[in-house]
Amino acid sequence: MFSLLVNIPANAKWEQNGVTVAGGHGQGGSTNQLNWPSGLFVDDDQTVLIADNWNHRIMQWKNGDTTNGQVVAGGNGQGKGLHQCNSPIDVLIDKETDSLIICDRGNQRVVRLSRRSGTTQGEVLIDNIDFFGLAMDEQRYLYVSDTEKHEVRRYQFGEKNGTLVAGGNGKGDGLNQLNYPTYLFVDRQQNVYVSDTDNHRVMKWNKGAKEGIVVAGGQGYGTALTQLNSPYGLFVDTLGTVYVADEVNNRVMRWTQGATQGTVIAGGNGRGAGANQLNVPTGLSFDRHGNLYVVDAGNHCVQRFSIE
């Protein structure tokens, strides 16, 4: 399974105070620090993988070891070499091949790197694409958002051009358009959810659809519960409830299927470093128990909000 299938009760609530599970020792490049982290992936055993953007590396933090992370890709300076990364922005695990798939944004490429010890050289899967978010479905198709073409494409391994699955009709706010799509989530039916960041909405494109459906936001940018302001990280549970990092509002919101407004489940108490605050939340994910993990980019850490 690539996107963990997480069953979260409809009436779930989360602790309002987050616990730092990665970073949190200020901005920097040591193994106990992060530097403007962005996307993350939570494995079955609660291991957290983080795209440590400004450190040009992928970090892994094992559950329970909150003191130090381990560099699992990059970390050899900013560069184009296959042992290097340049501002990586998203990461996932391909269980089938036990490898990392990295959105190496600064190099405009998607790279696969074996997790077996001793491997430092990645292989380029897709290149020359101005992309941001990455997702994989159960058939092991890769989905990539293109912020320049305002579209999402699906790729089979070995394929260079991919198939258009969302957007692709130029930049705009029509239902068949996107405006700076970033993070993605794909469900078991291969429906694609997109953080349509500059339209301040989350779109769902059913498999094969020519236009999307607004499932969160879409009422312009703002702080109301009907609005989002630059949505980023995205997750969808088995009930079809959408969870989104509402970046500029420094909160995480939950939108049940068909809802016209969301509820705040983390942050929303102003921008800051308090346990109940967030500072530029970017990536988000859940573990299989329903605990929420948020990349708190401006605080250079990852916070876990436990499900009550």
Side-chain angles (χ1 to χ4, degrees), residues 2-4 22-23 34-43 47-61 69 71-75 78 84-95 99-113 115 122-127 129-137 140-149 151-155 157 162 165-166 178 180-186 192-197 202 230-236 243-245 247 252 280-286 293-297 300 302:
F2 304 102
S3 302
L4 275 176
L34 297 167
N35 191 348
W36 286 101
S38 49
L40 87 165
F41 184 91
V42 181
D43 205 357
T47 296
V48 180
L49 286 153
I50 304 154
D52 191 9
N53 194 303
W54 285 18
N55 281 326
H56 312 293
R57 65 188 185 182
I58 305 295
M59 295 294 286
Q60 173 177 288
W61 295 69
V71 181
V72 290
Q78 177 180 12
Q84 294 176 303
C85 294
N86 182 354
S87 304
I89 208 145
D90 210 359
V91 60
L92 54 82
I93 295 175
D94 176 7
K95 299 271 168 57
S99 54
L100 301 176
I101 297 181
I102 302 162
C103 180
D104 190 14
R105 182 164 165 79
N107 286 322
Q108 298 197 328
R109 65 189 183 187
V110 177
V111 176
R112 177 165 59 188
L113 177 70
R115 294 176 83 194
E123 59 166 322
V124 177
L125 298 177
I126 305 163
D127 58 5
I129 176 171
D130 197 4
F131 67 108
F132 198 107
L134 199 55
M136 187 188 259
D137 68 22
R140 296 181 66 243
Y141 284 99
L142 275 180
Y143 296 73
V144 176
S145 63
D146 188 325
T147 52
E148 195 174 284
K149 293 182 179 161
E151 66 183 26
V152 179
R153 299 189 87 83
R154 180 180 70 219
Y155 295 83
F157 282 106
V165 292
L178 297 167
Y180 205 80
T182 56
Y183 289 101
L184 303 173
F185 189 92
V186 182
V192 181
Y193 293 80
V194 187
S195 275
D196 189 11
T197 300
V202 177
S230 301
Y232 262 41
L234 197 54
F235 194 93
V236 182
Y243 300 82
V244 58
E247 191 206 31
V252 175
V280 191
T282 50
L284 68 78
S285 194
F286 287 85
Y293 295 73
V294 184
V295 176
D296 195 6
H300 312 290
V302 175

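Computed from a prediction, not measured in an experiment: that's the story for all the values here.
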S.K.: Run Asp137 and Tyr143 through side chain to side chain donor-acceptor pair (under 3.5 Å) and show every step you take.
M.R.: CA-CA 8 Å; Asp137 68 22; Tyr143 296 73; 2.7 Å; yes
S.K.: Report the residues that fulfil ring pair (Phe, Tyr, Trp, His ring centres under 6.0 Å) with Phe131, sequence neighbours left out, ordered by chain and then residue number.
M.R.: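 For Phe131 there are no ring pair (Phe, Tyr, Trp, His ring centres under 6.0 Å) partners, ignoring immediate neighbours.
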S.K.: Within this structure, what is the CG-NE2 distance for the pair Asn86 and His56, rounded to the nearest 0.5 Å?
M.R.: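 It comes to 6.0 Å.
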S.K.: Main chain of Gly162, side chain of Arg153: is a donor-acceptor contact present, judged purely on distance under 3.5 Å?
M.R.: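 Yes, because the side chain of Arg153 sits within donor-acceptor range (under 3.5 Å) of the backbone of Gly162.
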S.K.: Please confirm whether the backbone N or O of Glu247 pairs with a side-chain atom of Ser230, one donor and one acceptor, at under 3.5 Å?
M.R.: no
S.K.: Is a side-chain donor or acceptor of Ser145 paired with a backbone partner of Thr182 at a separation under 3.5 angstrom?
M.R.: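 A pair under 3.5 Å: yes.
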S.K.: Between atom CG of Leu125 and atom CD1 of Ile101, what is the distance when rounded to the nearest 0.5 Å?
M.R.: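 The distance works out to 6.0 Å.
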S.K.: When rounded to the nearest 0.5 angstrom, what distance separates CD1 in Ile126 from CG in Leu134?
M.R.: 7.5 Å
S.K.: Between Asp130 and Asp146 (side chain of the first, backbone of the second, donor and acceptor by atom type, cut-off under 3.5 Å), is there such a pair?
M.R.: no
S.K.: Would you please name every residue forming a side chain to side chain contact (heavy atoms under 4.5 Å, CB included) with Asp196, sequence neighbours left out?
M.R.: Leu178, Asn179, Asn199, Arg201, Met203
S.K.: Does Thr197 form a side-chain contact (heavy atoms from CB on, under 4.5 Å) with Tyr232? I'd like the steps, not just the answer.
M.R.: CA-CA 7 Å; Thr197 300; Tyr232 262 41; 3.4 Å; yes
S.K.: For side-chain contact (heavy atoms from CB on, under 4.5 Å), just list the numbers for Gln60 and Ile93, CA-CA rounded to whole Å, side-chain angles, deciding distance to a tenth of an Å, and then say yes or no.
M.R.: CA-CA 11 Å; Gln60 173 177 288; Ile93 295 175; over 6 Å; no
S.K.: Nearest 0.5 Å, please: how far is CZ in Arg105 from SG in Cys85?
M.R.: 14.5 Å
S.K.: Could you tell me whether Lys95 and Asp43 make a salt bridge, using a distance below 4.0 angstrom between a side-chain N and a carboxylate O?
M.R.: yes
S.K.: Quick one: which of Tyr243, Phe132, Tyr193 gives a ring pair (Phe, Tyr, Trp, His ring centres under 6.0 Å) with Tyr183?
M.R.: Phe132
S.K.: The criterion is salt bridge (Lys or Arg N to Asp or Glu O under 4.0 Å); which residues satisfy it with Asp52, sequence neighbours excluded?
M.R.: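 Partners of Asp52 by the salt bridge (Lys or Arg N to Asp or Glu O under 4.0 Å) criterion, ordered by chain and then number, come out as Arg57.
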S.K.: Got a sec, which residues hit salt bridge (Lys or Arg N to Asp or Glu O under 4.0 Å) with Glu123, two or more places apart in sequence or on another chain?
M.R.: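 By the salt bridge (Lys or Arg N to Asp or Glu O under 4.0 Å) rule, Glu123 matches Arg112.
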S.K.: If you take the centroid of each ring, where Trp contributes its six-membered ring, are Tyr293 and Phe235 closer together than 6.0 Å?
M.R.: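 They do not qualify: ring centres at least 6.0 Å apart.
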S.K.: For Pro37, which of Ile89, Val295, Asn53, Thr282 qualifies under side chain to side chain contact (heavy atoms under 4.5 Å, CB included)?
M.R.: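 Answer after filtering Ile89, Val295, Asn53, Thr282: Val295.
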S.K.: According to side chain to side chain contact (heavy atoms under 4.5 Å, CB included), who are the partners of Trp36, at least two apart in sequence or on a separate chain?
M.R.: Gln27, Trp54, Val280, Ala297, His300
S.K.: If you apply the rule side-chain contact (heavy atoms from CB on, under 4.5 Å), what do you find for Asp94 with Met136, and how did you get there?
M.R.: CA-CA 8 Å; Asp94 176 7; Met136 187 188 259; 3.9 Å; yes
S.K.: Before you tell me yes or no, could you show the steps for Val71 and Met59 under side-chain contact (heavy atoms from CB on, under 4.5 Å), namely the whole-Å CA-CA distance, both residues' side-chain angles and the distance that decides it to 0.1 Å?
M.R.: CA-CA 5 Å; Val71 181; Met59 295 294 286; 3.6 Å; yes
S.K.: Tell me every residue that passes salt bridge (Lys or Arg N to Asp or Glu O under 4.0 Å) with Asp127, counting only those two or more places apart in sequence or in another chain.
M.R.: none
S.K.: From Leu92 CG over to Leu40 CG, what is the distance, rounded to the nearest 0.5 angstrom?
M.R.: 11.0 Å
